[in-house]
Amino acid sequence: MPGLKQYSRMISLYLLILFNLTFSNPIPKEYVIQKLMNDSTVKLLQEYIRIDTSREENVESAVLFWKRQADALNLPFAVHRPAKKPICVITWTGCNPKLPSIILNSHTDVVTVAKQEWTHEPFSGYIDENGDLYGRGAQDTKALSITYIEAIRTLIEEGVKLQRTIHVLLMPDEETGGFNGMIPFVETEEFRALNPGFFFDEGLSSPDGKLYATYQDKRPWQLNVTLHGKSGHGSTITEDSAMEKLQRLLDITREFRRQQKKIMSSKEPTDYGSYSTLNVNIINGGVATNIIPSNVNLVIDMRLATSAQVSDVNAMIQSWIEQVGNDTEVSFIRKIEVSERTILDGSNPYWVALVSALRDMDLQIEPIVCPATSDMVVVRNKGFPAIGFAYRPYTVPRIHAADEYINIAIFQQGIRVYANILKRVANLT
Ligand SMILES: *[C@@H]1O[C@H](CO)[C@@H](O)[C@H](O)[C@H]1NC(C)=O
Ligand SMILES: *[C@@H]1O[C@H](CO)[C@@H](O)[C@H](O)[C@H]1NC(C)=O
Ligand SMILES: *[C@@H]1O[C@H](CO)[C@@H](O)[C@H](O)[C@H]1NC(C)=O
(Lines give C-alpha, C1' and ligand atoms only; values in the text may rest on other atoms or scores of the structure.)
(Ligands and ions follow the chains in the order given, each with its own letter.)
Protein backbone atom coordinates (compact mmCIF):
# COMPACT_ATOMS: atom_id res chain seq x y z
CA MET A 1 0.00 0.00 0.00
CA PRO A 2 2.26 2.81 -1.20
CA GLY A 3 -0.39 5.45 -0.46
CA LEU A 4 -0.55 4.46 3.17
CA LYS A 5 3.21 4.30 3.45
CA GLN A 6 3.63 7.76 2.00
CA TYR A 7 0.96 9.09 4.32
CA SER A 8 2.62 7.64 7.40
CA ARG A 9 5.98 8.95 6.21
CA MET A 10 4.49 12.40 5.87
CA ILE A 11 3.19 12.19 9.42
CA SER A 12 6.53 10.94 10.75
CA LEU A 13 8.26 13.87 9.10
CA TYR A 14 5.72 16.21 10.60
CA LEU A 15 6.42 14.66 14.01
CA LEU A 16 10.14 14.94 13.46
CA ILE A 17 9.77 18.65 12.96
CA LEU A 18 7.27 19.08 15.80
CA PHE A 19 9.61 17.48 18.30
CA ASN A 20 12.42 19.76 17.38
CA LEU A 21 10.69 23.06 17.98
CA THR A 22 13.76 24.25 19.83
CA PHE A 23 15.45 24.75 16.47
CA SER A 24 14.80 27.88 14.49
CA ASN A 25 12.45 27.36 11.57
CA PRO A 26 12.59 26.32 8.83
CA ILE A 27 14.52 23.20 9.83
CA PRO A 28 16.14 21.30 6.98
CA LYS A 29 14.83 17.74 7.16
CA GLU A 30 18.33 16.29 6.75
CA TYR A 31 19.52 18.22 9.77
CA VAL A 32 16.64 17.02 11.97
CA ILE A 33 17.23 13.42 10.97
CA GLN A 34 20.99 13.70 11.48
CA LYS A 35 20.39 15.18 14.90
CA LEU A 36 18.12 12.28 15.82
CA MET A 37 20.55 9.75 14.35
CA ASN A 38 23.27 11.11 16.60
CA ASP A 39 21.22 10.49 19.71
CA SER A 40 22.51 7.83 22.09
CA THR A 41 19.08 6.15 22.30
CA VAL A 42 19.04 5.58 18.54
CA LYS A 43 22.64 4.34 18.56
CA LEU A 44 21.76 1.89 21.31
CA LEU A 45 18.80 0.56 19.32
CA GLN A 46 21.05 0.13 16.28
CA GLU A 47 23.62 -1.72 18.37
CA TYR A 48 20.92 -4.06 19.69
CA ILE A 49 19.43 -4.73 16.25
CA ARG A 50 22.92 -5.62 14.99
CA ILE A 51 22.96 -8.60 17.34
CA ASP A 52 21.25 -11.16 15.08
CA THR A 53 19.16 -12.94 17.71
CA SER A 54 17.25 -14.89 15.08
CA ARG A 55 20.24 -17.21 15.58
CA GLU A 56 20.25 -19.23 18.74
CA GLU A 57 24.00 -18.78 19.26
CA ASN A 58 23.65 -14.99 19.59
CA VAL A 59 21.18 -15.02 22.46
CA GLU A 60 24.10 -14.96 24.93
CA SER A 61 25.46 -11.82 23.23
CA ALA A 62 22.13 -10.21 23.98
CA VAL A 63 22.62 -11.17 27.64
CA LEU A 64 25.99 -9.36 27.66
CA PHE A 65 24.37 -6.37 25.97
CA TRP A 66 21.75 -6.16 28.72
CA LYS A 67 24.36 -6.60 31.45
CA ARG A 68 26.19 -3.55 30.03
CA GLN A 69 22.96 -1.51 30.09
CA ALA A 70 22.27 -2.46 33.71
CA ASP A 71 25.88 -1.68 34.71
CA ALA A 72 25.72 1.72 32.99
CA LEU A 73 22.71 2.61 35.13
CA ASN A 74 24.13 1.00 38.24
CA LEU A 75 21.12 -1.30 38.44
CA PRO A 76 21.21 -4.91 39.63
CA PHE A 77 21.23 -7.50 36.85
CA ALA A 78 20.27 -11.16 37.14
CA VAL A 79 20.07 -14.06 34.69
CA HIS A 80 17.75 -16.99 35.39
CA ARG A 81 17.83 -20.21 33.41
CA PRO A 82 14.82 -22.31 34.42
CA ALA A 83 15.18 -24.28 31.17
CA LYS A 84 18.75 -23.44 30.08
CA LYS A 85 17.85 -20.38 27.99
CA PRO A 86 18.69 -17.05 29.65
CA ILE A 87 16.06 -14.76 31.13
CA CYS A 88 17.49 -11.32 32.04
CA VAL A 89 16.14 -9.15 34.83
CA ILE A 90 17.16 -5.53 35.42
CA THR A 91 15.73 -4.07 38.60
CA TRP A 92 15.12 -0.48 39.65
CA THR A 93 14.05 -0.72 43.26
CA GLY A 94 11.25 1.59 44.36
CA CYS A 95 10.98 3.62 47.58
CA ASN A 96 8.33 1.20 48.77
CA PRO A 97 9.63 -2.17 47.58
CA LYS A 98 6.95 -4.13 49.42
CA LEU A 99 4.36 -2.88 46.92
CA PRO A 100 3.76 -5.24 43.97
CA SER A 101 6.18 -4.44 41.17
CA ILE A 102 5.69 -3.19 37.63
CA ILE A 103 7.14 -5.58 35.07
CA LEU A 104 8.33 -4.31 31.69
CA ASN A 105 8.47 -7.46 29.59
CA SER A 106 9.83 -8.04 26.09
CA HIS A 107 11.96 -10.65 24.36
CA THR A 108 15.51 -10.89 23.04
CA ASP A 109 14.77 -13.39 20.26
CA VAL A 110 13.55 -12.32 16.83
CA VAL A 111 12.16 -14.31 13.92
CA THR A 112 14.28 -15.13 10.91
CA VAL A 113 14.38 -13.04 7.71
CA ALA A 114 13.80 -13.63 4.01
CA LYS A 115 16.81 -11.44 3.21
CA GLN A 116 16.09 -11.06 -0.50
CA GLU A 117 12.79 -9.30 0.34
CA TRP A 118 14.49 -6.57 2.38
CA THR A 119 15.41 -3.17 0.92
CA HIS A 120 18.16 -2.73 3.53
CA GLU A 121 20.30 -5.27 5.32
CA PRO A 122 18.05 -6.56 8.16
CA PHE A 123 20.70 -6.60 10.89
CA SER A 124 22.47 -3.32 10.13
CA GLY A 125 20.18 -0.75 11.76
CA TYR A 126 20.13 1.30 8.56
CA ILE A 127 18.36 4.67 8.84
CA ASP A 128 16.91 6.16 5.64
CA GLU A 129 16.34 9.80 4.69
CA ASN A 130 12.93 9.78 6.43
CA GLY A 131 14.42 8.68 9.73
CA ASP A 132 13.04 5.15 9.42
CA LEU A 133 15.35 2.69 11.16
CA TYR A 134 15.17 -0.72 9.49
CA GLY A 135 15.91 -4.05 11.09
CA ARG A 136 14.51 -7.32 12.32
CA GLY A 137 13.13 -6.60 15.78
CA ALA A 138 12.55 -2.88 15.13
CA GLN A 139 8.89 -3.55 15.96
CA ASP A 140 9.02 -7.00 17.55
CA THR A 141 10.37 -6.19 20.20
CA LYS A 142 13.82 -4.61 20.28
CA ALA A 143 12.67 -0.98 20.08
CA LEU A 144 10.31 -1.63 23.00
CA SER A 145 13.11 -3.12 25.13
CA ILE A 146 15.29 -0.05 24.47
CA THR A 147 12.28 2.20 25.14
CA TYR A 148 11.91 0.60 28.59
CA ILE A 149 15.55 1.04 29.57
CA GLU A 150 15.74 4.58 28.15
CA ALA A 151 12.54 5.57 29.97
CA ILE A 152 14.16 4.39 33.19
CA ARG A 153 17.37 6.24 32.34
CA THR A 154 15.36 9.42 31.68
CA LEU A 155 13.61 9.17 35.05
CA ILE A 156 16.84 8.43 36.94
CA GLU A 157 18.54 11.39 35.27
CA GLU A 158 15.62 13.63 36.19
CA GLY A 159 16.01 12.53 39.80
CA VAL A 160 12.55 10.95 39.86
CA LYS A 161 11.85 8.46 42.66
CA LEU A 162 9.09 5.90 42.17
CA GLN A 163 7.19 4.05 44.87
CA ARG A 164 7.15 0.68 43.17
CA THR A 165 10.00 -1.46 42.01
CA ILE A 166 10.32 -1.85 38.24
CA HIS A 167 11.75 -5.00 36.67
CA VAL A 168 12.78 -5.06 33.03
CA LEU A 169 12.34 -8.66 31.93
CA LEU A 170 13.87 -10.09 28.75
CA MET A 171 12.61 -13.46 27.58
CA PRO A 172 14.70 -15.73 25.33
CA ASP A 173 12.09 -17.60 23.26
CA GLU A 174 8.79 -15.75 22.94
CA GLU A 175 8.76 -16.43 19.20
CA THR A 176 8.81 -20.19 19.70
CA GLY A 177 6.15 -20.28 22.39
CA GLY A 178 8.00 -19.54 25.65
CA PHE A 179 8.58 -23.22 26.41
CA ASN A 180 12.11 -22.47 27.66
CA GLY A 181 11.30 -18.98 28.94
CA MET A 182 8.08 -17.66 30.42
CA ILE A 183 6.33 -21.03 30.80
CA PRO A 184 8.91 -22.56 33.19
CA PHE A 185 9.86 -19.16 34.68
CA VAL A 186 6.43 -18.40 36.18
CA GLU A 187 6.75 -21.62 38.22
CA THR A 188 10.02 -20.56 39.90
CA GLU A 189 10.83 -18.95 43.23
CA GLU A 190 12.79 -16.27 41.32
CA PHE A 191 9.61 -15.28 39.52
CA ARG A 192 7.58 -15.09 42.75
CA ALA A 193 10.38 -13.01 44.30
CA LEU A 194 9.73 -10.34 41.65
CA ASN A 195 6.40 -9.77 43.44
CA PRO A 196 4.66 -8.83 40.18
CA GLY A 197 1.68 -6.50 40.29
CA PHE A 198 1.28 -5.56 36.67
CA PHE A 199 2.91 -6.42 33.33
CA PHE A 200 3.54 -4.36 30.24
CA ASP A 201 4.55 -6.26 27.09
CA GLU A 202 4.73 -6.02 23.32
CA GLY A 203 1.97 -4.17 21.51
CA LEU A 204 0.80 -3.46 17.98
CA SER A 205 1.86 -0.92 15.39
CA SER A 206 -0.82 1.24 13.83
CA PRO A 207 -0.62 2.97 10.46
CA ASP A 208 -2.78 5.81 11.78
CA GLY A 209 -2.57 7.81 15.00
CA LYS A 210 -4.29 5.17 17.11
CA LEU A 211 -2.72 3.44 20.11
CA TYR A 212 -3.83 -0.01 21.19
CA ALA A 213 -3.77 -1.92 24.45
CA THR A 214 -4.02 -5.68 24.00
CA TYR A 215 -5.73 -7.29 26.99
CA GLN A 216 -6.17 -10.88 25.80
CA ASP A 217 -4.31 -13.18 23.40
CA LYS A 218 -5.91 -15.50 20.87
CA ARG A 219 -5.37 -19.20 21.61
CA PRO A 220 -2.98 -20.93 19.23
CA TRP A 221 -3.81 -24.48 18.14
CA GLN A 222 -1.20 -25.92 15.83
CA LEU A 223 -2.03 -29.32 14.38
CA ASN A 224 0.45 -31.78 12.99
CA VAL A 225 -1.55 -33.95 10.58
CA THR A 226 -0.35 -37.06 8.76
CA LEU A 227 -2.61 -38.46 6.03
CA HIS A 228 -2.19 -42.06 4.90
CA GLY A 229 -3.22 -43.73 1.66
CA LYS A 230 -2.39 -46.54 -0.74
CA SER A 231 0.91 -46.12 -2.51
CA GLY A 232 1.40 -47.29 -6.08
CA HIS A 233 2.92 -46.75 -9.48
CA GLY A 234 2.73 -43.17 -10.68
CA SER A 235 0.85 -44.30 -13.78
CA THR A 236 -2.17 -45.71 -11.92
CA ILE A 237 -5.30 -44.27 -10.36
CA THR A 238 -5.52 -45.48 -6.74
CA GLU A 239 -8.49 -44.94 -4.49
CA ASP A 240 -8.08 -42.81 -1.36
CA SER A 241 -4.49 -41.82 -1.95
CA ALA A 242 -2.82 -39.61 0.65
CA MET A 243 -2.81 -36.72 -1.85
CA GLU A 244 -6.53 -37.16 -2.50
CA LYS A 245 -7.11 -36.93 1.24
CA LEU A 246 -4.89 -33.86 1.35
CA GLN A 247 -7.08 -32.25 -1.26
CA ARG A 248 -10.20 -33.09 0.77
CA LEU A 249 -8.64 -31.58 3.88
CA LEU A 250 -7.59 -28.45 2.02
CA ASP A 251 -11.17 -28.06 0.75
CA ILE A 252 -12.48 -28.37 4.30
CA THR A 253 -10.00 -25.85 5.70
CA ARG A 254 -10.70 -23.46 2.85
CA GLU A 255 -14.39 -23.57 3.69
CA PHE A 256 -13.58 -22.88 7.35
CA ARG A 257 -11.46 -19.90 6.33
CA ARG A 258 -14.26 -18.63 4.10
CA GLN A 259 -16.70 -18.66 7.04
CA GLN A 260 -14.22 -16.91 9.32
CA LYS A 261 -13.42 -14.34 6.65
CA LYS A 262 -17.12 -13.57 6.45
CA ILE A 263 -17.22 -12.90 10.20
CA MET A 264 -14.05 -10.82 9.92
CA SER A 265 -15.43 -8.60 7.14
CA SER A 266 -18.60 -7.92 9.12
CA LYS A 267 -16.61 -6.49 12.07
CA GLU A 268 -14.31 -3.59 12.80
CA PRO A 269 -10.83 -4.28 11.35
CA THR A 270 -9.30 -4.43 14.84
CA ASP A 271 -11.91 -6.82 16.26
CA TYR A 272 -9.39 -9.66 16.09
CA GLY A 273 -11.10 -11.68 18.81
CA SER A 274 -14.30 -12.17 16.80
CA TYR A 275 -12.98 -14.70 14.31
CA SER A 276 -10.61 -17.65 14.14
CA THR A 277 -7.77 -17.86 11.66
CA LEU A 278 -6.45 -20.96 9.93
CA ASN A 279 -3.39 -21.35 7.75
CA VAL A 280 -1.79 -24.46 6.32
CA ASN A 281 1.84 -23.46 6.82
CA ILE A 282 3.81 -26.62 6.04
CA ILE A 283 3.18 -29.52 3.64
CA ASN A 284 5.67 -32.35 3.36
CA GLY A 285 5.26 -35.41 1.18
CA GLY A 286 6.37 -37.47 -1.75
CA VAL A 287 9.28 -39.83 -2.37
CA ALA A 288 9.89 -39.97 -6.12
CA THR A 289 8.46 -38.52 -9.32
CA ASN A 290 6.88 -41.85 -10.33
CA ILE A 291 5.58 -43.15 -6.98
CA ILE A 292 2.22 -42.35 -5.41
CA PRO A 293 3.25 -41.59 -1.81
CA SER A 294 1.75 -43.49 1.12
CA ASN A 295 1.60 -40.45 3.34
CA VAL A 296 1.70 -36.68 3.45
CA ASN A 297 2.25 -34.45 6.45
CA LEU A 298 0.97 -30.95 7.08
CA VAL A 299 0.93 -28.34 9.82
CA ILE A 300 -2.22 -26.30 10.34
CA ASP A 301 -1.89 -23.12 12.40
CA MET A 302 -5.13 -21.93 14.03
CA ARG A 303 -5.77 -18.96 16.34
CA LEU A 304 -9.16 -19.28 17.96
CA ALA A 305 -11.83 -16.62 18.29
CA THR A 306 -12.32 -15.66 21.94
CA SER A 307 -15.85 -17.11 21.83
CA ALA A 308 -14.78 -20.50 20.41
CA GLN A 309 -15.47 -23.36 22.84
CA VAL A 310 -12.73 -25.94 23.27
CA SER A 311 -15.22 -28.85 23.00
CA ASP A 312 -16.66 -27.44 19.76
CA VAL A 313 -13.25 -27.01 18.14
CA ASN A 314 -12.18 -30.50 19.22
CA ALA A 315 -15.41 -31.91 17.71
CA MET A 316 -14.84 -29.93 14.53
CA ILE A 317 -11.33 -31.33 14.10
CA GLN A 318 -12.67 -34.83 14.79
CA SER A 319 -15.29 -34.36 12.08
CA TRP A 320 -12.60 -33.23 9.64
CA ILE A 321 -10.73 -36.48 10.30
CA GLU A 322 -13.87 -38.52 9.75
CA GLN A 323 -14.44 -36.80 6.42
CA VAL A 324 -10.84 -37.14 5.29
CA GLY A 325 -9.95 -40.63 6.48
CA ASN A 326 -10.13 -42.33 9.85
CA ASP A 327 -6.52 -43.47 9.74
CA THR A 328 -5.41 -39.82 9.81
CA GLU A 329 -3.01 -39.01 12.66
CA VAL A 330 -3.35 -35.70 14.45
CA SER A 331 -1.13 -34.36 17.19
CA PHE A 332 -0.85 -30.89 18.63
CA ILE A 333 2.34 -28.87 18.39
CA ARG A 334 0.63 -26.13 20.38
CA LYS A 335 -2.75 -26.17 22.05
CA ILE A 336 -3.58 -23.39 24.49
CA GLU A 337 -7.13 -24.01 25.69
CA VAL A 338 -7.48 -21.06 28.06
CA SER A 339 -6.40 -17.46 27.54
CA GLU A 340 -7.52 -15.20 30.37
CA ARG A 341 -8.30 -11.55 29.78
CA THR A 342 -7.22 -8.54 31.79
CA ILE A 343 -10.23 -6.50 32.86
CA LEU A 344 -9.88 -2.93 31.64
CA ASP A 345 -12.27 -0.79 33.60
CA GLY A 346 -12.39 1.34 36.75
CA SER A 347 -11.73 -1.75 38.88
CA ASN A 348 -8.19 -2.03 37.48
CA PRO A 349 -6.05 0.75 39.04
CA TYR A 350 -3.15 0.09 36.65
CA TRP A 351 -5.40 0.63 33.65
CA VAL A 352 -6.88 3.77 35.19
CA ALA A 353 -3.34 5.10 35.81
CA LEU A 354 -2.23 4.24 32.26
CA VAL A 355 -5.24 5.92 30.65
CA SER A 356 -4.86 9.06 32.73
CA ALA A 357 -1.10 9.28 32.05
CA LEU A 358 -1.87 9.07 28.32
CA ARG A 359 -4.73 11.54 28.59
CA ASP A 360 -2.32 14.07 30.12
CA MET A 361 -0.30 13.76 26.90
CA ASP A 362 -3.48 14.12 24.77
CA LEU A 363 -3.26 10.47 23.79
CA GLN A 364 -6.03 7.90 23.70
CA ILE A 365 -5.76 4.16 23.82
CA GLU A 366 -8.13 1.53 22.49
CA PRO A 367 -8.41 -1.90 24.15
CA ILE A 368 -8.32 -4.80 21.69
CA VAL A 369 -7.72 -8.55 21.58
CA CYS A 370 -4.24 -9.42 20.32
CA PRO A 371 -4.46 -11.15 16.90
CA ALA A 372 -1.67 -13.51 17.92
CA THR A 373 -0.14 -14.89 21.12
CA SER A 374 2.63 -13.59 23.35
CA ASP A 375 4.24 -14.55 26.64
CA MET A 376 1.41 -12.61 28.29
CA VAL A 377 -0.95 -15.55 27.85
CA VAL A 378 1.16 -17.41 30.43
CA VAL A 379 1.22 -14.47 32.82
CA ARG A 380 -2.51 -13.74 32.57
CA ASN A 381 -3.36 -17.39 33.05
CA LYS A 382 -1.35 -17.17 36.30
CA GLY A 383 -3.74 -14.44 37.42
CA PHE A 384 -1.64 -11.33 36.75
CA PRO A 385 -3.04 -8.32 34.88
CA ALA A 386 -1.08 -7.57 31.70
CA ILE A 387 -1.35 -5.15 28.80
CA GLY A 388 0.45 -5.17 25.49
CA PHE A 389 1.37 -1.60 24.65
CA ALA A 390 4.02 -0.18 22.35
CA TYR A 391 4.11 3.41 21.19
CA ARG A 392 4.07 2.94 17.40
CA PRO A 393 1.50 5.22 15.77
CA TYR A 394 1.92 6.15 12.08
CA THR A 395 3.87 2.92 11.62
CA VAL A 396 3.08 0.33 8.96
CA PRO A 397 2.77 -3.00 10.84
CA ARG A 398 5.68 -5.19 9.66
CA ILE A 399 6.00 -7.65 12.53
CA HIS A 400 7.64 -10.82 11.08
CA ALA A 401 7.62 -9.18 7.63
CA ALA A 402 10.32 -7.69 5.40
CA ASP A 403 11.46 -4.08 5.93
CA GLU A 404 10.42 -4.07 9.58
CA TYR A 405 11.17 -0.54 10.78
CA ILE A 406 10.52 2.16 13.32
CA ASN A 407 10.74 5.88 12.75
CA ILE A 408 13.35 7.30 15.11
CA ALA A 409 11.22 10.34 16.00
CA ILE A 410 8.38 8.06 17.04
CA PHE A 411 10.82 5.81 18.89
CA GLN A 412 12.14 8.78 20.87
CA GLN A 413 8.69 10.09 21.61
CA GLY A 414 7.80 6.61 22.89
CA ILE A 415 10.56 6.87 25.50
CA ARG A 416 8.97 10.05 26.87
CA VAL A 417 5.53 8.42 26.74
CA TYR A 418 6.69 5.35 28.70
CA ALA A 419 8.55 7.55 31.23
CA ASN A 420 5.33 9.46 31.90
CA ILE A 421 3.33 6.23 32.18
CA LEU A 422 5.81 4.81 34.70
CA LYS A 423 5.59 7.96 36.80
CA ARG A 424 1.89 7.25 37.19
CA VAL A 425 1.68 3.45 37.25
CA ALA A 426 4.73 2.86 39.46
CA ASN A 427 3.54 5.49 41.94
CA LEU A 428 0.23 3.75 42.67
CA THR A 429 0.02 3.13 46.39
C1 LIG B 1 26.20 14.15 14.08
O2 LIG B 1 27.44 13.57 14.41
C3 LIG B 1 28.44 13.79 13.43
C4 LIG B 1 29.66 12.96 13.79
O5 LIG B 1 29.97 13.07 15.14
C6 LIG B 1 28.73 15.29 13.34
O7 LIG B 1 29.69 15.56 12.34
C8 LIG B 1 27.44 16.02 12.98
O9 LIG B 1 27.65 17.44 13.01
C10 LIG B 1 26.31 15.67 13.94
N11 LIG B 1 25.08 16.24 13.43
C12 LIG B 1 24.19 16.88 14.18
C13 LIG B 1 23.02 17.44 13.45
O14 LIG B 1 24.28 16.99 15.38
C1 LIG C 1 4.79 -33.96 12.81
O2 LIG C 1 4.75 -35.31 13.13
C3 LIG C 1 5.68 -36.11 12.42
C4 LIG C 1 5.39 -37.57 12.72
O5 LIG C 1 5.39 -37.79 14.09
C6 LIG C 1 7.07 -35.68 12.78
O7 LIG C 1 8.04 -36.44 12.08
C8 LIG C 1 7.25 -34.21 12.45
O9 LIG C 1 8.51 -33.75 12.88
C10 LIG C 1 6.18 -33.38 13.10
N11 LIG C 1 6.24 -32.00 12.60
C12 LIG C 1 6.37 -30.92 13.40
C13 LIG C 1 6.51 -29.62 12.70
O14 LIG C 1 6.38 -30.99 14.61
C1 LIG D 1 -14.87 -42.69 9.58
O2 LIG D 1 -15.67 -43.24 10.59
C3 LIG D 1 -16.95 -42.67 10.69
C4 LIG D 1 -17.62 -43.24 11.95
O5 LIG D 1 -17.33 -44.60 12.12
C6 LIG D 1 -17.73 -42.96 9.42
O7 LIG D 1 -19.03 -42.40 9.50
C8 LIG D 1 -16.98 -42.33 8.27
O9 LIG D 1 -17.60 -42.63 7.04
C10 LIG D 1 -15.54 -42.81 8.22
N11 LIG D 1 -14.82 -42.00 7.24
C12 LIG D 1 -14.27 -42.48 6.15
C13 LIG D 1 -13.64 -41.46 5.23
O14 LIG D 1 -14.27 -43.65 5.86
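Starting from 1, each residue takes its place in the sequence as its number. Indexing begins at 1, ligand by ligand and atom by atom, following the structure's order.
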Would Glu322 count as being in polar contact with ligand 3, using the rule that some N or O on each side must be under 3.5 angstrom apart?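 Looking only at distances, the answer is yes, because the N/O contact criterion of under 3.5 Å is met.
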
Indicate yes or no: does an N/O atom of Asn326 lie under 3.5 Å from an N/O atom of ligand 3?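 Min N/O separation from ligand 3 is below 3.5 Å for Asn326.
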
With the threshold set at 4.0 Å, does a side-chain nitrogen-carboxylate oxygen contact exist between [X] and [Y]?
X      : Y      : answer
Glu337 : Lys335 : yes
Arg55  : Asp109 : no
Glu329 : Lys245 : no

Quiz: residues 303-313 side-chain donor-acceptor pairs under 3.5 angstrom, not counting sequence neighbours:
residue	atom	partner	partner atom	Å
Arg303	NE	Asp301	OD1	2.9
Arg303	NH2	Asp301	OD1	3.3
Arg303	NH2	Asp301	OD2	3.0
Thr306	OG1	Gly273	O	3.2

Using a 3.5 Å distance criterion without hydrogens, assess whether the side chain of Arg380 forms a donor-acceptor pair with backbone atoms of Arg341.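 Checking the backbone N and O of Arg341 against the side chain of Arg380, no donor-acceptor pair under 3.5 Å is found.
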
Within the structure provided, determine whether Arg424 and Asp360 are in side-chain contact (heavy-atom separation under 4.5 Å).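 Side-chain contact under 4.5 Å: yes.
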
Within the 4.0 Å heavy-atom sphere of ligand 2, strictly under, residues: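 Near ligand 2, by chain and number: Asn224, Asn297, Val299, Ile333.
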
Under 3.5 Å: N/O of Gln34 near N/O of ligand 1: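 So ligand 1 has an N or O lying under 3.5 Å from an N or O of Gln34.
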
Apply side chain to side chain donor-acceptor pair (under 3.5 Å) to residues Gln139 and Ser205 and explain how you reach the verdict. CA-CA 8 Å; Gln139 298 186 17; Ser205 312; 2.7 Å; yes

